[in-house]
Each structure stands twice: as structure tokens, then as C-alpha cells.
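Within every chain, numbering begins at 1; the chains are lettered A, B, ... in the order of the sequence lines, protein sequences first and strands thereafter.
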There are 2 protein chains.
Amino acid sequence: MWQLHQFPLCPFSRKLRLLMGEKSVAYELVRENPWEGRDSLWQLNPAGRTPVLHDPARKVTLCDSQAICEFFEETVDRNPMISGNAMQRAEIRRLTRLFDESLYGDVTAPALHEKMKKRLILRQSPDGRVLREMGRLLHGHLDYIDWLVDTRSWLAGPTLSLADLACAAQLSVVDYLGGIEWKGHDQARDWYMVMKSRPSFRPLLSEKMEGLPPPREYAALDL
Amino acid sequence: MWQLHQFPLCPFSRKLRLLMGEKSVAYELVRENPWEGRDSLWQLNPAGRTPVLHDPARKVTLCDSQAICEFFEETVDRNPMISGNAMQRAEIRRLTRLFDESLYGDVTAPALHEKMKKRLILRQSPDGRVLREMGRLLHGHLDYIDWLVDTRSWLAGPTLSLADLACAAQLSVVDYLGGIEWKGHDQARDWYMVMKSRPSFRPLLSEKMEGLPPPREYAALDL
């Protein structure tokens, strides 16, 4: 069986778990703390990052969330998540990358640093200035998601796609780390509630990062 | 015709230009300075980054270098660059991402900041400490490329692939900005010379960033 090397709040592992859930691919979890820089993780992935998907029996290792998602898209027909014509597929990949890179860099990465790493590892208080800037940038991203939801059925077009999974994965980590202020973002909130209600999302909502409980509303299916 | 919005030292635009060159896709260049944050670029790409590929006649816009490379891989049969079985394609995408993300973050991004942005825009001197750390990390990446070349015909497997283009694109920018110390990296140097000799590479070697001439050896086809 596939072993997914990850930690509970890794947004890229969450994106992959949502995809594997939608495609009914079985896996078991192997806990990693990438910030410890352990040799075992670097040996599996020269980038030293999660997620890594490893099958010890077949001696196969896959790295990088997007490369792994493309792999399952090519090998598992069920519930295609990069579908449509070439232009539609380019739009799905553009948005997936926007969430993986810009939403992550602007919001999820500082949230993880200020609220997870400082609390659990560095034993420091979060920097209010960084958190305020993060909130401001999150607001801009939610505006863009509102606009996407207003103009399309799903974020990248007429069908649920990897872009929805990538965005929901990032937001779920931000939500875990302190909740999201949805005021003024009804469309984004409604879309996120639909995503949260999917069976593929359930395993994420019940998983906890030790020493860092989520807010009460994190796992609630209404807001 | 496609218009490629880019600047001469954008490594991701270079990766795309190499792919379009290999596939004989015609395009014209439109100069952008993403650091100026102009509305026109943000309107084309909500991530505010180059490359953007735009066709005004067809009113079509593609963003993100990887999404655009996948688009041409799907629509232009000539010279496939993500080929082989699903596992080989995953390896090509893993390495492409490693170069796009880690080699860029460790080496190209600080080189662009210290040697291009500080000189042309901020009018500051480069920080020697940052440059030394960059050199140390580049050495590690070249070690890994040596190992890849030792064990495979091309970086990701038996055929030239997008991973070779992505890696050569990053290194070409670093090389432009001050040369690469190849000592102890014969395999990586030989591979890079082969890449530099490809017709798809030629347009990059002759293009200059105004106010920032490359070293004399930059365009030379022997080292």
C-alpha cells in the first residue's frame, strides 16, 4: 500500500489526500516533521519536503504534490480532476499553482510559521504585524475566490477540479490555525462549506496536530 | 501569433522559450518588468508574474510556466518533453519542480536580487554574505546534477525532457549574472554545454539585459 509521508498541517499533503480521497486510492500515513531535517526524509526526497508517497513493497517513491497528482490523474480514471480541453486544463493548472504558490506564500506559510512553528518548536509568540499583513493578503485572495465562484460553477470551470482541492487544502490549514474571517466573502464561504462537506474532506477535519487544537468551528459543517 | 510577456533574465520564461523552441512554436517577445507591479501585467496574470502567453487575436491568455508547458505538451506532438510511462513522467515533473522551486529559491532568486535588482533598481551593492551562501547551495545542486548525469542519459531519464530545460534555464540566468564555478562538476558542465549547443538555446544566449552585460564566456560554446 502507498505510504504518505506528511504532517497534519502540510497543505500540499492535504491537497494530495483530497485527490486520493476523490479517486478512492488507499494509503496509510507516515508522520514527518520536515523542519527537523531528518536524513530519512531527505533520502526519500532531495527537496526535503512533504508530501512523499512511498511504496516499500514495489520500491517506488513519488515526490512533489503536483507531480503526484498528475500521476494519479494519468493512472486512475475515476473522478478526473484535470479534465476538459487543453485550454480548460491549462486554467485548472494555472489556478492550482496560484493557490500552491501565492495563497501559500502570502497566507498559509506565514500562518504556519507564526502559529505552529513559533508555538510548538521555537516557543515564541506570534508577530502581530505579520499576522495583520497575512489577514490583509488573505482578504485579497478571498475576493478573487468570490469572483471565481460568481462567474463559474467551480473555481476553474464547470466541474470540480484540482484547483478546488488545492485552494480548499490551503484554506483548511489557515482555518485550523485560527479560523477565517468570512465576513464579506459569502461566495467563498459557501464554496468552502461545499468542499468541507465532501467525503474526501472528512479525514482532514478529524485529524489533529498535537499540542495545537483547532478552533471549535473548524470541523463544523455550517458556519 | 503568441506574445510572450517576459524579461530577459526570467528563468521561467527561459524554460518556456526552450520548450517552445524545441517544439517550433512561434512567438514574439513583449517586455515586462514584473517588479514595477504594472496593472497591465496584473490584469493578464492575477499572480503578477512572468511568463504570460497572450494571443490578442484569439483573446487567449495562459499563465504559469508549468501550466503553459503542459499545454504545449498536450497540443503539439513534436518533440515530447514529458514522455515515457506514468512513473517516468512523474520523475520528469518531480525534477522540473525541484529546479523551478529549490534551485530557483536557493540560487537564482538571490542571484537576481543581489546582482540584478540591487544594481539596476535599488542602486545598492550586493551582499557578500548572501552571495557566499548562494554559492554554497549552488555547489550542492551541481553535485546532484553530477549524480543525475552519472546515472542517466539525461537528467530525468533516457530522453531529453522538460527537467533538462528547466534546469538549464535556471543555470543560464545564474551564468549570465556572473558565471558558474564548474570546478569539480565536470558532468554537470558537460551536460550544460550540450544544452547550450541546442538551437533552442541560441536566442537566449544572444539576448541582453540592458545595463547588465553578461560575462564574456556566457555565450561561448566551450568552457
Side-chain angles (χ1 to χ4, degrees), chain A residues 12 42 44-49 51-53 55 58-77 82-106 109 140-141 143-145 147-148 155-156 162-163 166, chain B residues 12 42 44-49 51-53 55 58-77 82-106 109 140-141 143-145 147-148 155-156 162-163 166:
Chain A
F12 304 103
W42 282 93
L44 285 173
N45 182 5
R49 295 179 189 187
V52 174
L53 203 60
D55 185 337
R58 292 191 293 152
K59 290 191 172 59
V60 167
T61 306
L62 299 173
C63 302
D64 177 61
S65 75
Q66 190 61 21
I68 305 173
C69 287
E70 298 272 359
F71 173 83
F72 284 118
E73 191 65 13
E74 292 180 356
T75 55
V76 181
D77 288 338
I82 308 175
S83 62
N85 63 32
M87 204 64 84
Q88 289 168 324
R89 292 159 64 88
E91 176 65 357
I92 292 168
R93 290 189 177 107
R94 173 186 79 83
L95 280 174
T96 300
R97 186 95 172 104
L98 185 75
F99 300 129
D100 281 359
E101 194 170 69
S102 299
L103 180 55
Y104 173 75
D106 289 346
H141 283 281
D143 276 344
Y144 188 58
I145 297 166
W147 178 82
L148 291 173
L155 296 189
L162 188 57
Chain B
F12 304 102
W42 281 93
L44 285 173
N45 182 5
R49 297 178 189 187
V52 173
L53 204 61
D55 185 336
R58 292 191 294 151
K59 291 190 173 58
V60 167
T61 307
L62 299 173
C63 303
D64 177 60
S65 74
Q66 189 61 21
I68 305 173
C69 287
E70 299 271 359
F71 173 84
F72 284 119
E73 191 65 14
E74 292 181 355
T75 54
V76 181
D77 288 338
I82 309 175
S83 61
N85 62 32
M87 204 63 85
Q88 289 168 324
R89 293 160 63 88
E91 176 65 357
I92 292 168
R93 292 190 176 106
R94 174 186 78 84
L95 281 174
T96 300
R97 186 94 174 105
L98 186 74
F99 301 130
D100 281 0
E101 194 171 68
S102 298
L103 180 54
Y104 172 74
D106 289 346
H141 283 281
D143 275 343
Y144 188 59
I145 296 166
W147 179 81
L148 291 173
L155 296 191
L162 187 58

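- Chosen from E91(A), Q66(A), M87(A), the residue pairing most often with chain B at heavy-atom distances under 4.5 Å is M87(A).
- No more than 12 heavy atoms of other residues, nucleotides or ligands shown are found within 6.0 angstrom of CG on D77(B).
- Among residues two or more places apart in sequence or in another chain, the salt bridge (Lys or Arg N to Asp or Glu O under 4.0 Å) test is passed with R89(B) by E74(A).
- In this structure Y144(B) satisfies the ring pair (Phe, Tyr, Trp, His ring centres under 6.0 Å) test together with W147(B), sequence neighbours excluded.
- The candidate from A90(A), P46(A), S102(A), A47(A) with the greatest count of non-hydrogen atom pairs under 4.5 Å with chain B is P46(A).
- Annotation: residues 94-101 of chain B contacts chain A through R94(B), R97(B), L98(B), E101(B) [non-hydrogen atoms, separation under 4.5 Å].
- Applying the salt bridge (Lys or Arg N to Asp or Glu O under 4.0 Å) rule to D55(B) yields the partners R58(B); only residues at least two apart in sequence or on another chain are considered.
- Here the straight-line distance linking atom CZ of R93(B) with atom SG of C63(A) works out to 14.5 Å at 0.5 Å rounding.
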